[in-house]
Number of protein chains: 2
Amino acid sequence: MKPAQSPLLQKAYDLRQAIRSKAHTGPTSGLVQGAMQGNVVILPADWASDFLLYCQKNPISCPLIDVSEVGDFTMPELGHDIDMRHDIPEYYVYRNGEKVENRTDIEELWQDDMVAFVLGCSFSFEHALSQAGLTPRNIEEDVNVSMYETNIATVPAGRFFGNTVMTMRPYVPKDAIRAIQITTRFPKAHGAPLHFGSPQEIGIADLSKPDYGDAVSVKEGEVPVFWACGVTPQVAIRNAKPPICITHSPGKMLVTDILDTDLAVL
Amino acid sequence: MKPAQSPLLQKAYDLRQAIRSKAHTGPTSGLVQGAMQGNVVILPADWASDFLLYCQKNPISCPLIDVSEVGDFTMPELGHDIDMRHDIPEYYVYRNGEKVENRTDIEELWQDDMVAFVLGCSFSFEHALSQAGLTPRNIEEDVNVSMYETNIATVPAGRFFGNTVMTMRPYVPKDAIRAIQITTRFPKAHGAPLHFGSPQEIGIADLSKPDYGDAVSVKEGEVPVFWACGVTPQVAIRNAKPPICITHSPGKMLVTDILDTDLAVL
C-alpha cells in the first residue's frame, strides 16, 4: 500500500476505508475538509457517450472530473486504492429510470461494461466558505445539505434531459455577495450560485421540504442562495431510463485525494 | 496641444472641452464609455491629510485614484489638459459643512493651498456591465444613477466621519450574481456590491426617493443591488465642516483619459 502523502490524504484514505467496511454509511459533508468529494454516476458503456455529452453541455450542474475505463472500478487519478464498488457510503440503484434500491456496496451489481463518472460537488467550496467565516448552515447544524429539484431546464443530450437540482445555503446579503465571489473560484464544483431569493421563482414550493438531504434553518434577514448540484444527473437518469444506473446517495459522496484548492482557479 | 492617442481619448477630451465651455452641464453617466470617470473632492491643504487618511481607511467607498500637488489644478496623470477648476459639469461648494452653492466653474474660488482628490466611480464598471448584457437601468432610462445615504458607517479618520452613500441598480437574481462577478474585477471603482435586497435593512426608507440622482424603475422579479458610492465623502465633509470644500455634483463627474479596463484586476 502506498503511504499517504499528507495527514489530509491519510484522513481521506481512512474515511474511504471506514466506508468500505460499512463503519461509515452517513453523509460526508464537512468530513476531511480540503479533500475533493465527488458525485458518482455509473452506467453501461452504451449509455456512456450520451451521458458524457450531457455533462459537456451542462458544465455548471455536471462538472466532469474524471471518467473510468470501461469495466474498471478503480479511479487511479482520483485517489489511492479507490474501489467504486465499495467506497461510497450509500448507492442508489436505478433500473429503467426507477430507483429500486439503496445499497452500501454494489459488488454484486458491477458489470464488465460499466463506466464510472465522477462530477465535482459543492462541498469543495464549503471549506473555502468556512475559512472565510461563512460556514454553511448544513455544516453548522451537522446535517446533509438541502437539495431541491427546480424548474430550470438543463440542455438535453442524447437520451438525457431534465431540470436542474440545486443546493441551498442561507446567508445575509453581505455574506451572500462574499460567497458568490468565493464560489466563483470553483467552476469545477458548480461555481457561483444560479439564484438567490424567492424559491418559488425557480419552482421550489416549500423550502422546508427539500427533495434530497435535510432542511436547515433560515434566519431573519437571510436569503436562500442556490447553487447547481451534482444530483442533477439523477433527474436526467430517471428520464433517460437506462436499464441500470448506479449513483451515490445525495450527500454521501466519493471522498478523493484531489485537493479542493487544486480545483480553485485564480 | 498633444494629439489624442485614440478615438476614445479624443471623445474624452472633447467632452471635457464641452464641459469647460459650459455646453455640457448635465450628468456624465454613460458618456464616453470606456473612459474612467472620477469623484472629486477639493480641500485646503491643512485638511488634506485627514481626508487622505479617511480614503485609506475606507477604500471601498473612497478608492483614491490620484491627488494633486498643492495649488495645482491640473491632474497630468489623469488626462490631457485637465483643469480641475472648469472640467466638471457642476460643482458643489461647501462652507463649514453646509452646501452653499452649485457652480459650473470654480475659477474664482480656487486657492493656492487647495488639493484635489479624484476617487474611482461605479461608472467605470457600467461599461463592463453593459458589454455583458447587464446594462444598468439608469443608462437604459437615460437618467442619473440613484444614490442613497445608508446607515452603514464608514471608518472615521481625523475630523471626517459619516455613513456610506450607495448607488443602486436593479437586477433579477441571476443577473445580480453575474454583476457581482463583473464588478468584483473593479476594486478601484467600488468593486462588488455591499448589499442587495431590502433597502430598509441599510436604512433606506423609500427607494423611489434617492438622496442624490434620479429614481429608476424596479421591475417585477428584480432586486435592488447596492454599491458603495464616491459621494460618501460629501457626508463626511458635512460632518467635518472644513471652512471650504468643493466637490463634483453627484453624477456629474470628471471624465479622465484613464481606461476603465486599466482599472480592472484579473
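Throughout, a chain's letter reflects where its sequence line sits, starting with A, and its residues are numbered from 1.
- For V172(B), no part sits under 4.5 Å from any heavy atom of chain A, backbone or side chain.
- Only the side chain of I180(B) comes within contact range of chain A, with at least one heavy atom under 4.5 Å from a heavy atom of that chain.
- No donor-acceptor distance shorter than 3.5 angstrom exists from the side chain of T164(B) to the backbone of A228(B), with no hydrogens or angles considered.
- Contact count versus chain A (heavy atoms, under 4.5 Å) is highest, among E201(B), Q181(B), K174(B), for Q181(B).
- Counting heavy-atom pairs closer than 4.5 Å to chain A, the top-ranked of the candidates P193(B), S198(B), G197(B) is P193(B).
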Between R178(B) and Y171(B), does a side-chain contact (heavy atoms from CB on, under 4.5 Å) hold up when you go through it step by step?
CA-CA 10 Å; R178(B) 186 72 188 125; Y171(B) 287 107; over 6 Å; no
Walk me through whether N39(A) and M253(A) qualify under side-chain contact (heavy atoms from CB on, under 4.5 Å).
CA-CA 6 Å; N39(A) 297 279; M253(A) 321 300 291; 3.0 Å; yes
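- Of all residues spanning residues 143-156 of chain B, none has a heavy atom less than 4.5 Å away from chain A's heavy atoms.
- For E222(A) (side chain) and K219(A) (main-chain N/O), a donor-acceptor pair under 3.5 Å exists by modelled atom type.
- Looking only at side-chain heavy atoms (C-beta outward), P250(B) and Y92(B) come within less than 4.5 Å of each other.
- At a 4.5 Å heavy-atom cutoff, the contact between V223(A) and chain B is made by side-chain atoms alone.
- Of the two parts of L266(A), only the side chain, counted from C-beta on, holds a non-hydrogen atom closer than 4.5 Å to a non-hydrogen atom of chain B.
- Counting only distance, with no hydrogens or angles, the side chain of H190(A) and the backbone of G230(A) share a donor-acceptor pair below 3.5 Å.
- The aromatic rings of W47(B) and F160(B) sit perpendicular to each other, their planes meeting at more than 60°, with 30° as the lower class boundary.
- With hydrogens and angles ignored, the 3.5 Å screen pairs a side-chain donor or acceptor of Q37(A) with a backbone N or O of L31(A).
- Within a 6.0 Å radius of CD in Q200(A), other residues, nucleotides and ligands contribute more than 12 heavy atoms.
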